Amino acid sequence: MFINGAWVDAIGGETFEITNPATGAVIGQMPDGDERDADAAIAAAHAAFASWSTTTAYERADILMRAWQLMKDRAGELAELMTTEQGKPLKASRFEVGYGADFLRWFAEEARRITGEWLPSSRPDQRFLAVRQPVGVVAAITPWNYPISMLTRKMGPALAAGCTMVLKPAEATPLCAKAIFEILHEAGVPAGVMNMVTAQNPVPIGDAFTSDTRVKKLTFTGSTAVGRLLAGKAAASLQRVSVELGGHAPFIVYPDADPEQAAKGAAALKFLNSGQACISPNRLYVHRDAADAFVDTLTARVQRLVAGNGMDDGVGVGPLVNDAAVDKVAAQVEDARDKGAGIPVGGYRLTDDGLDKGHFYAPTLLTDVTPDMTVYREETFGPVAPVVVYDDVDQVIELANDTHYGLAAYVYTQSLKTAITAFEALRFGIIGINDVNPTSASVPFGGMNDSGLGREGGHEGLDEYLETKTAGISLR
Ligand code: ADP
């Protein structure tokens, strides 16, 4: 673990193993911490806040830029580590390292734009000043599906704002977190400013983070159930909360869209990270006029996808995180099959050629999907593309909005009017319009309803780590 600028063992002396999800091989060990280690990390972050929060934005930006450069220099080895620990194909890991690094550069630039306001008063002899200051110690809990970019999306703005931080990375991917901490340390982040506690059981750490009044903000990315639980605990301590949670993205193909282009987009997007993404499309609404061409193109694309170890050339789909994830996907597919879905491609666990040692499910296409199927309502987090054919263009937004989630949605149309109308009416935080990658460090990312609170990235991503202080100044 990394506490107060040093690599340390867990106070209890225990460790846990990290495995490669493609092969089952043990690839490392990390300290298995508990609430005592969390307390030491919070104490270090609390002590470091006084000096870090008074550094200039220029100093903080320089450190973040050095860390960005180091990430770029080491992109190859970081990507290999990510593929070994998390499973996604090497090319996708490289992309994530670049995306993750960009949060450090973006927030280095934003650090110098933390400004205040001179405000009017109703009294002629009074002036008002409002400035923004760092909130204090931030606790971060991050997931395994994007093990580097989900860290830097929180670290970048926290450090830029002048906050100090304690992090608990997901138990499946602490080695990626360790590599990023080594980089931040080398870039010159002072002792105590960034601390990391690792553990196999997240509960005592989460409890310690959310019950400690030295912690002023909780930032979490993960499932809706855990986010809700942690936000509730943080509320009792009056900590600020940002939670980026699950999704159930609709992907709407209008009758005027090019069905082949839409199917190519859907294939590229759905099978990214084996479908283990909160912005992964979960309901592909295709107008009847476009359905045959769309399904034909998508079927051909899915058939071509090769599942396997992400280190191997030509592999487009890696393993799922664990066996429980494979079981969940298999159960959703069986439920859909029982209720009448067609399965032109996939629909089974992959076990041949050594894949039984990892956690693989075949890239799968479901057709004739209906609202009574579990896959229509629940997040799949797996390589399954469910197609729903619709007839009424005026009703499709209502269908798309019929979910308690609200993270991402996608629209394919050639009509500007249709695109803008859909953009305005969809109750989701991120909308791709003829575009399957509506994310960047420079734009806000986050959801509505059960998909979360707050935004990460963009200039809003920095606001989450700042609070406003007002001065009333008398001229009498
Ligand atoms: P996923 O279903 O994507 O694994 P989780 O919400 O279970 O998502 O995990 C996201 C992060 O939340 C991980 O770092 C995990 O260790 C942590 N986590 C899970 N359960 C708890 C909990 N009860 N308290 C604190 N952290 C938790």
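All values reported here derive from a predicted model rather than from experimental measurement. Counting starts at 1 for both ligands and their atoms, following the listed order. Hydrogens, waters and symmetry mates play no part in the numbers below; they use all other heavy atoms, side chains included. Along the sequence shown, residues carry numbers from 1.
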Query raised in the report: Is K154 close enough and on-axis enough to F103, meaning under 6.0 Å and within 45°, for cation-pi?
Result: no
Requested in this report: Can you pull out the closest protein heavy atom to atom 8 (O) of ligand 1? Residue, atom name and distance to 0.1 Å, please.
Outcome: S223 N, 3.5 Å
Requested in this report: Determine yes or no for a side-chain-to-main-chain donor-acceptor pair under 3.5 angstrom, with E467 supplying the side chain and Q133 the backbone.
Outcome: no
Requested in this report: Under 4.0 Å from a heavy atom of V203: give me the atoms of ligand 1 that qualify, with their elements.
Outcome: 23 (N), 24 (N)
**Report entry** atom 17 (C) of ligand 1: the protein heavy-atom neighbour that sits closest, reported with distance to 0.1 Å
**Finding:** I141 CG2, 3.7 Å
Requested in this report: Closest by any non-hydrogen atom to atom 10 (C) of ligand 1: pick that one out of T221, V226, L229.
Outcome: T221
Query raised in the report: Does D450 pair with R228 as a salt bridge, N-O distance under 4.0 Å?
Result: yes
Query raised in the report: Near K168, which atoms of ligand 1 are under 4.0 Å from a heavy atom of that residue?
Result: 14 (O), 15 (C), 16 (O)
Requested in this report: Tell me which protein heavy atom sits closest to atom 24 (N) of ligand 1, plus the residue, atom name and distance to 0.1 Å.
Outcome: L230 CD2, 3.8 Å
Query raised in the report: Going through the distances and angles, do E244 and R153 end up as a salt bridge (Lys or Arg N to Asp or Glu O under 4.0 Å)?
Result: CA-CA 11 Å; E244 200 266 279; R153 192 154 85 175; 2.9 Å; yes
Report summary line: re atom 12 (O) of ligand 1, the protein heavy-atom contact at minimum distance is F220 CE1, 3.2 Å
Query - Rounded distance (nearest 0.5 Å) linking atom CG of L184 with atom CE of M165 - result: 10.0 Å
Requested in this report: Starting from atom 16 (O) of ligand 1, locate the nearest protein heavy atom and write down its residue, its atom name and how far away it is, to 0.1 Å.
Outcome: E171 OE1, 2.5 Å
Report task. Using a strict cut-off of 4.0 Å, indicate which atoms of ligand 1 neighbour a heavy atom of G206. Result -> 25 (C)
Query raised in the report: Among D402, T403, D372, whose side-chain hydrogen bond (donor to acceptor under 3.5 Å, both in side chains) with R377 holds?
Result: D402
Query raised in the report: Hey, is atom 20 (N) of ligand 1 touched by any protein heavy atom at less than 4.0 Å?
Result: yes
**Report entry** Contact atoms of ligand 1, heavy-atom distance to T142 under 4.0 Å
**Finding:** 11 (C), 13 (C), 14 (O)
Query raised in the report: Does K168 pair with D37 as a salt bridge, N-O distance under 4.0 Å?
Result: no
Query raised in the report: When the ring planes of H248 and Y405 are compared, do they come out parallel, tilted or perpendicular, using 30° and 60° as the limits?
Result: parallel
Report task. Decide whether the shortest distance between a heavy atom of W144 and an atom of ligand 1 is less than 4.0 Å. Result -> yes
Query raised in the report: Do other residues, nucleotides or ligands put more than 12 heavy atoms under 6.0 Å from K339 NZ?
Result: yes
Report task. Around atom 27 (C) of ligand 1, find the nearest protein heavy atom and jot down its residue, atom name and distance. Result -> P202 CB, 3.4 Å
